[in-house]
Amino acid sequence: MFSLFKKKQAQSEPPLKKKIKDMKCRKINYVDEGFDTLASEMSADPKAILRLKPVNYYAIKNKYIMGKVYTSEDHQENYVQFFRYEYDHECGKTDIYPLSAELMSKALAKVGIIIDLKALAKDQ
């Protein structure tokens, strides 16, 4: 009876999940052009993120891929995870993939977020 009131043991999260919780997160919606192929391509080569097309803000379709890009303050550590949505319900997700600073900068530039890596390097 009293076991109902005990706190559940917190399941240990992988260290990478704990790490990205402290990073800045940007959510970007992409056109759904094969979620499974995207996951396999990202496992082989992270440059696959550059083939994705951003969704038109005013014409979000019923199916899309949301990319969550996690960046550290100095933009030297970057990760991305993709989620597939249909009718506003999550239908799948990928692993967390590391991105280089240059690749992350190019991917964000496609949606209008410009990060000057040279200026950041000079500041440090």
- Start with the C-alpha gap between Arg51 and Thr37, add the side-chain angles, then the distance that decides, and say whether side-chain contact (heavy atoms from CB on, under 4.5 Å) holds. CA-CA 12 Å; Arg51 77 165 177 80; Thr37 56; 3.8 Å; yes

- Go through Leu103 and Leu50 one step at a time and tell me if the side-chain contact (heavy atoms from CB on, under 4.5 Å) criterion holds. CA-CA 8 Å; Leu103 189 57; Leu50 296 178; 3.6 Å; yes

- Kindly determine whether Tyr79 and Gln81 satisfy side-chain hydrogen bond (donor to acceptor under 3.5 Å, both in side chains), including the steps that lead there. CA-CA 7 Å; Tyr79 299 96; Gln81 185 175 21; over 6 Å; no

- Criterion side-chain contact (heavy atoms from CB on, under 4.5 Å) on Met66 and Tyr85, from CA distance to verdict: CA-CA 7 Å; Met66 177 188 287; Tyr85 283 90; 3.9 Å; yes

- Item | Working for side-chain contact (heavy atoms from CB on, under 4.5 Å), residues Thr94 and Phe35 | CA-CA 9 Å; Thr94 64; Phe35 185 73; 3.5 Å; yes

- Message: Apply salt bridge (charged side-chain N to carboxylate O under 4.0 Å, His left out) to residues Glu33 and Lys53 and explain how you reach the verdict.
- Response: CA-CA 9 Å; Glu33 295 178 344; Lys53 297 175 191 159; 3.4 Å; yes

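The local environment of NZ in Lys110 is crowded, with over 12 non-hydrogen atoms from other residues, nucleotides or ligands closer than 6.0 Å.
Taking both residues in full, the closest heavy atoms of Val80 and Met42 are given as CG1-CE, 3.8 Å, listed atom of the first, atom of the second, then distance. Closest non-hydrogen pair, Cys91 versus Glu86, comes out as SG-CB, 3.7 Å. Minimum heavy-atom separation, Ser72 to Asn78: N-OD1, 4.4 Å. Residues Ala48 and Leu38 share a closest heavy-atom pair of O-CD1, 4.5 Å. The minimum heavy-atom distance linking Met23 with Lys19 is given by the pair CG-O, 3.7 Å.
Ring orientation note: the planes of Phe82 and Tyr97 are tilted relative to one another, at an angle of 30° to 60°.
Residues Lys17 and Ile96 meet the side-chain proximity criterion, which asks for heavy atoms closer than 4.5 Å. Side chains of Lys47 and Glu41 form no contact here, defined as non-hydrogen atoms less than 4.5 Å apart. Thr71 places none of its side-chain heavy atoms less than 4.5 Å from the side chain of Glu77. By the 4.5 Å heavy-atom criterion applied to side chains, His75 and Met104 are counted as neighbours. The shortest side-chain heavy-atom distance between Val31 and Ile65 does not fall under the 4.5 Å cut-off. When side chains are defined from C-beta on, Ile113 counts as touching Arg26, because their heavy atoms get closer than 4.5 Å. Contact annotation: the side chain of Ile28 approaches that of Leu108 to within less than 4.5 Å [non-hydrogen atoms, C-beta and beyond]. By the 4.5 Å heavy-atom criterion applied to side chains, Lys93 and Glu90 are counted as neighbours.
In this structure Lys27 satisfies the salt bridge (Lys or Arg N to Asp or Glu O under 4.0 Å) test with no other residue, sequence neighbours excluded. Legend: residues meeting side-chain hydrogen bond (donor to acceptor under 3.5 Å, both in side chains) with Tyr70, ordered by chain and number and at least two apart, are absent.
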